[in-house]
Amino acid sequence: MSETGYLNVAEIFGENVFNDSVMQARLPKKVYKKLKEVINEGKELDLETADVVAHEMKEWAIEKGATHYTHWFQPLTGVTAEKHDSFITAPMENGKVLMSFSGKELIKGEPDASSFPSGGLRATFEARGYTAWDCTSPAFVRQDAAGATLCIPTAFCSYTGEALDQKTPLLRSMEAINEQALRLLRLFGNTTSKRVTPSVGPEQEYFIVDREKYLQRKDLIFTGRTLFGAMPPKGQEMEDHYFGAIRERIASFMKDVNEELWKLGVTAKTQHNEVAPAQHELAPIYAEANIAVDHNQLVMETLKKVAGRHGLQCLLHEKPFAGVNGSGKHNNWSITTDDGINLLDPGKTPHENVQFLLVLTCILKAVDRHADLLREAAADVGNDHRLGANEAPPAIISIYLGEQLQDVLSQLISTGSATHSISGQKLETGVKTLPDFMKDATDRNRTSPFAFTGNKFEFRMVGSQDSIAQPNVVLNTIVAEAFSEACEVLEKAENFDNAVHDLIKEYATEHQRIVFNGNGYSDEWVAEAEKRGLPNIRSMVDAIPALNTEKAVALFEKFKVFTKAELDSRVEIEYETYAKEINIEARAMIDIAGKQIIPAVIKYTTVLADSISSVKGACAAADVSTQTEILTEVSGLLAEAKKALSELEKITEQGAAMSEGREQAVFYRDDVKTAMDALRAPVDQLEMLVDKSMWPMPSYGDLIFEV
Ligand code: ADP
Ligand code: MG
């Protein structure tokens, strides 16, 4: 805060980050130069340099109040992990301690990692896992109730070097696309660009509810979503929440979130209310892919932490409330050179921009060929409630190009050359005092899972609580493959111009089936996509096998992103995760129904029966037919719920006894989930009948309308 009480954003931005300007100011010139070479050119870091960097990093962190440091990493649990060590050394003779941090400690950590998922990559007797500093993502100091901690972004690998995390393959995929994109650029005569990096801007959706009410819902506590709950009388049908004025309490929460994020160097930029009541969105300015992935984790952590301080709870689950819009994450992706060229920028006249057209058609080819992998990258347990349902992109991957690019492509396919581009038209507002706008030549389509939006692609399938690492690993690698194949043809071509032209036409023609500009939510599209032979993968369990098909193994091994063993281990982990999460949901339902709901309903029926008999007792002729009717209905539903509960208990036990793997996951999806639905149905009906004061938990209405 400044003296006047206003927040000086420029002053606080990045104040807790060991960023380039801090390094430049604090490190000896030679050390700074060496470190920059490591960061920018991927050179090896020597221990001597690391020692100096570690020392300065520690001094800087201590000035910020840090007492501990942690290697901050992203195992395959979906969240970040950390193990804190303090800077203190063994007491000296005078009983005092020193604060120290060596280069060795900076570069490498060794958490006792036997409990992180490894999918068989690491036997428990050899449970060592290593964390290695990713110097391309800056260290930062996090301040919270635990004091201040120096966080060092790291990769996490097994003793034999296999990736056990999200970051390692991401960095490898960035290397792959860098190499292939540079190769392509050189063919077009670019001799100046030194590095190509994917840029990513993830738009994060989330729900905010009151924390007191949240704590009364065991389902939210254990699973992040409501397992029971009747629809409120008012839903989102009025669309009055979308972009509506932000309420005071939420605004104050958002202000604190922004402040925290800015201090951490996260460029929180846009915030607004979303479609559903109590739903909001936060978008940062895009950054290099690995930094964007780290920052998105920080955004999710910060949303949760700050909400708690405001007596609120942030729900990151993809579908916290059945029947109400769910949350996703739009992964905006483009490829940019170090000297500022965006390979996805079509320019004003895309038909003349041959390099752009080749890049574009390479992406069509990549997405068409590996649609199954992209779909898999967006699969998580919560997202199964969204993909293919009404509000989210369908489970079918297709690309939206917009009118202008579609037209260029159609010209190419039909005549072999494109001669003109449709340009943006004037949008006349009809009001003299308002300026007339130029309409974008590329329109928006909100129903496409993969949409071209001006100079980037927006992958809209990603789940709100999922890491964005895997979607970007897949995007980077499949596009690297398409670039590499194009280069192979073009490098051998006698006439480059003709060869490029032919290649663009070939790709556009062969892969036009992946382009769809219509309404992705319609039933006609599902039928049409089937005719085109596009995969429609409806659940996570069905998406998982895409990860280690022969096609996937060949792709990832060629570009050194994953080995077959790493892919196999990920498949195993995903099946396990699926079964485990549904198992927790089923057990939470059993607990809530058995200990809270059924007893409450019994109490209500007793009250109802007592009131009937007391009315009857007072006047034998009184008409109690309505009360009796309600009692009969409630008792019927109660019996149904009780039966469904026993069935769910039985089925869940059966599932838990199975050995881990695909078969178990399929059982959880088909049998356990069906039994869960069968229990939920009568309970939700009961909620509408039982006296609200006796219902053991806040309703949907209480949760989403009273924040
Ligand atoms: P929308 O209308 O979809 O909300 P915005 O322009 O607000 O689009 O951008 C959404 C996200 O896309 C932001 O995080 C933004 O930083 C990011 N973004 C913008 N341009 C690019 C780009 N060239 N590459 C990657 N991400 C980008
Ligand atoms: Mg968007």
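When a ligand or atom number is given, it counts from 1 through the structure's own listing order.
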message: Considering A268, G454, S334 one by one, which has a heavy atom nearer to atom 22 (C) of ligand 1 than any of the others?
response: S334
For [X], atoms of ligand 1 separated by under 4.0 Å from a heavy atom:
{"X": "P284", "answer": "13 (C), 14 (O), 15 (C), 16 (O)"}
{"X": "I285", "answer": "16 (O)"}
{"X": "G201", "answer": "14 (O), 26 (N)"}

- prompt: Out of curiosity, K319 NZ to S464 OG, how far, rounded to the nearest 0.5 Å?
  reply: 10.5 Å
- prompt: Rounded to the nearest 0.5 Å, how far apart are CG of L315 and CD of Q465?
  reply: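 Rounded to the nearest 0.5 Å, the CG-CD separation comes out at 10.0 Å.
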- prompt: For ligand 1, does E203 get within less than 4.0 Å through its side chain, its backbone, both, or neither, judged by non-hydrogen atoms?
  reply: side chain
Consider only side-chain N and O atoms of [X] and [Y], and report whether a donor and an acceptor are under 3.5 Å apart.
{"X": "S193", "Y": "N190", "result": "yes"}
{"X": "N258", "Y": "Q271", "result": "yes"}
{"X": "S410", "Y": "Q406", "result": "yes"}
{"X": "T302", "Y": "K305", "result": "no"}

Determine, using heavy atoms of [X] and all atoms of ligand 1, whether some pair is separated by less than 4.0 Å.
{"X": "E458", "result": "yes"}
{"X": "N455", "result": "yes"}
{"X": "N342", "result": "yes"}

query: Short N/O distance, under 3.5 Å, between N332 and ligand 1?
result: yes
query: Does a side-chain N-to-carboxylate-O contact under 4.0 Å join E179 and R183?
result: no
